[in-house]
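Chain identifiers are assigned alphabetically (A, B, ...) following the order of the sequence lines, protein sequences preceding nucleic acid strands; residue numbering begins at 1 within each chain. Keep in mind that what you see is a predicted model, and the values were worked out from it rather than measured.
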Amino acid sequence: MSDLVEFGAPVDAAQSVGNLLGVFAFGLSGALLAVRRRFDVVGIAVLAVATATGGGVIRDLIIGRVPPAAFVQVSYAGVALLSALLIFFWHPPVRLVRAPLYIADAIGLGTFCVTGTVTAFQHGMPATSSAALGLVTAVGGGVIRDVLAGVTPSVLSDGELYAVPALLGSTVTAILLHYGQYTYWTGGLAGAGAVLLRLIALRRHWHAPMARPHRRRDDTPSV
Amino acid sequence: MSDLVEFGAPVDAAQSVGNLLGVFAFGLSGALLAVRRRFDVVGIAVLAVATATGGGVIRDLIIGRVPPAAFVQVSYAGVALLSALLIFFWHPPVRLVRAPLYIADAIGLGTFCVTGTVTAFQHGMPATSSAALGLVTAVGGGVIRDVLAGVTPSVLSDGELYAVPALLGSTVTAILLHYGQYTYWTGGLAGAGAVLLRLIALRRHWHAPMARPHRRRDDTPSV
Amino acid sequence: MSDLVEFGAPVDAAQSVGNLLGVFAFGLSGALLAVRRRFDVVGIAVLAVATATGGGVIRDLIIGRVPPAAFVQVSYAGVALLSALLIFFWHPPVRLVRAPLYIADAIGLGTFCVTGTVTAFQHGMPATSSAALGLVTAVGGGVIRDVLAGVTPSVLSDGELYAVPALLGSTVTAILLHYGQYTYWTGGLAGAGAVLLRLIALRRHWHAPMARPHRRRDDTPSV
């Protein structure tokens, strides 16, 4: 602990609450995708835990926090399994899974882009790298979820500004940290802003620009 | 070595034998899937080595054993390449690959859930984390194999209790280690039990419960 | 730096140039695949950065260089984003993406198999492990690119000797390093040789051997 940047008890408590909220939200999103893909209870539990803890594990390996928090604090896997259990017993019909999945994912995204940046900064990473690691923490779990389930990752193909809110949230957090203005209020606002931006982009169908097709008759999709 | 928990020569020898057996079995499963997907000799070798060493590399990164054993001990890659070579020259017709693939995978799963737990425990992880890491070691190689080959991972979609035997095997091993009752006999029994449970579940078509479909007419699968 | 094997300024400069060239080439390949899959500008940027830095990040985690260079040196992400921007504004029609994608990928492959081997060796890995890590560095970015984009990885299914030139390049480099004959000339030749071998194999349709089909009427592909 002596190597960590100290913020005092309120910020540490906010980190714990934020991390568990993000784990729960991403756990829900993983469990919902598993229901949609008609996996059994084991598949639901595995996908929930992998989604909820994956981003943080990647971040921890990169900053050299070994073993990663998810393998030390039992509460992470516990909360993720709780989200899986909830969805196993209570979930919308498969055709209506999309909306709650996207909302849960947005909450996880907005939460983790802030707490991931703070964790990296606390472990001595410079502000720029901390922002990059906040982004990795935020999108990592969803990438693992989508790759495991055989779906193109949201961060690549989702038309509606998936990575942008996470990048904004982690950049604002890194600036706040750099100038010593990070509190649980300003951090909470950054996270809430990221969640809202993602949800508004979804609702209003805001799209990032596509690469311009070349000729008049560009060809059909091929892979 | 001075930081390691010591078990004495018999257990260490059992670890080496178990690890090489698991590497060989998972190598066979990777090579068989590569044959089924009609990859060439390079694809067979790459998939065999990635499957055989992937779970252990992930575990080693998580427990901070750097560089991971697979990049230090040449025997791992050697045994995996041997399994690839065997399958390259001698393999069943593509339509009959399924059964030997599942059997090889079951042997790797049962072996690695024990040896993975022991390795984590030897590197100072508490018993609960060691069990989790045994599970990661056991299922990790198969997840890498299936994702690389473009197949939904067995741990998610395989109906027949894929993760459950591995979790039982690693939990029993962690309990044995915690109470000082781990020997190569008890460990071998835990591994054999996991292999058998998986094979019986396959044979008898034991399924884990599905999340209950919602209405009478639930919709068709959509992704 | 005191732990590193020293080669002197010319080799270090060649390493920097080589790494940035590899990052740029792999960034182009990721951006081109993103265009082919019709991802938006965010997807293009994410796939370019993941492809360009992924192989090096995996290598760095394995050799214990934490945090990995890609999270410390801003130039890596900068060059990768530059390649994404170039492709976003200027790219061939989708049906003609294949050729430039393969050429960019070949340049990244040949460059990284050399610089990856040197980096591992400089961090104290033995020659054999260094060659293996050069291979991992060279193919890792492409594997991440293909898995994220939902395409079977080139290293498995590409008929035309994908891994072989990388393995030759990294093996020659490891031998040069082991016998103290590595200079920026010999290293450059090893890399250029790997690039050329891959391009010639593509042009001449050199294939690695397939596993022999079993009976006369082997069955249709099944997964």
Select one option (side chain, backbone, both, neither) describing which atoms of [X] are under 4.5 Å from chain C's heavy atoms.
X	answer
B/V41	both
B/L61	side chain
B/L47	both

So do the side chains of B/R37 and C/L156 get within less than 4.5 Å of each other, counting heavy atoms only?
->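 They are not in contact (no side-chain heavy atoms under 4.5 Å apart), so the answer is no.
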
Side-chain heavy-atom pair C/I62, B/P68 within 4.5 angstrom cut-off | yes

Among the options B/V35, B/D40, B/V66, B/V74, pick out the one with the most heavy-atom pairs lying under 4.5 Å from chain C.
->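 Option with the greatest count: B/D40.
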
What is the minimum heavy-atom distance between B/R38 and C/M210, and which atoms define it?
-> O-CE, 3.1 Å

Distance-minimising heavy-atom pair for C/M125 and B/F71 = CE-O, 4.2 Å

Applying a strict 4.5 Å limit to non-hydrogen atoms, the region of C/V155 in contact with chain B is both

Of all of C/S129, C/A163, C/A208, C/S157, which one pairs up most often with chain B through heavy atoms under 4.5 Å apart?
->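 Top option by heavy-atom pairs under 4.5 Å: C/A208.
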
Checking heavy-atom separations under 4.5 Å from chain B, one finds in residues 131-144 of chain C C/A132, C/L133, C/V136, C/V143

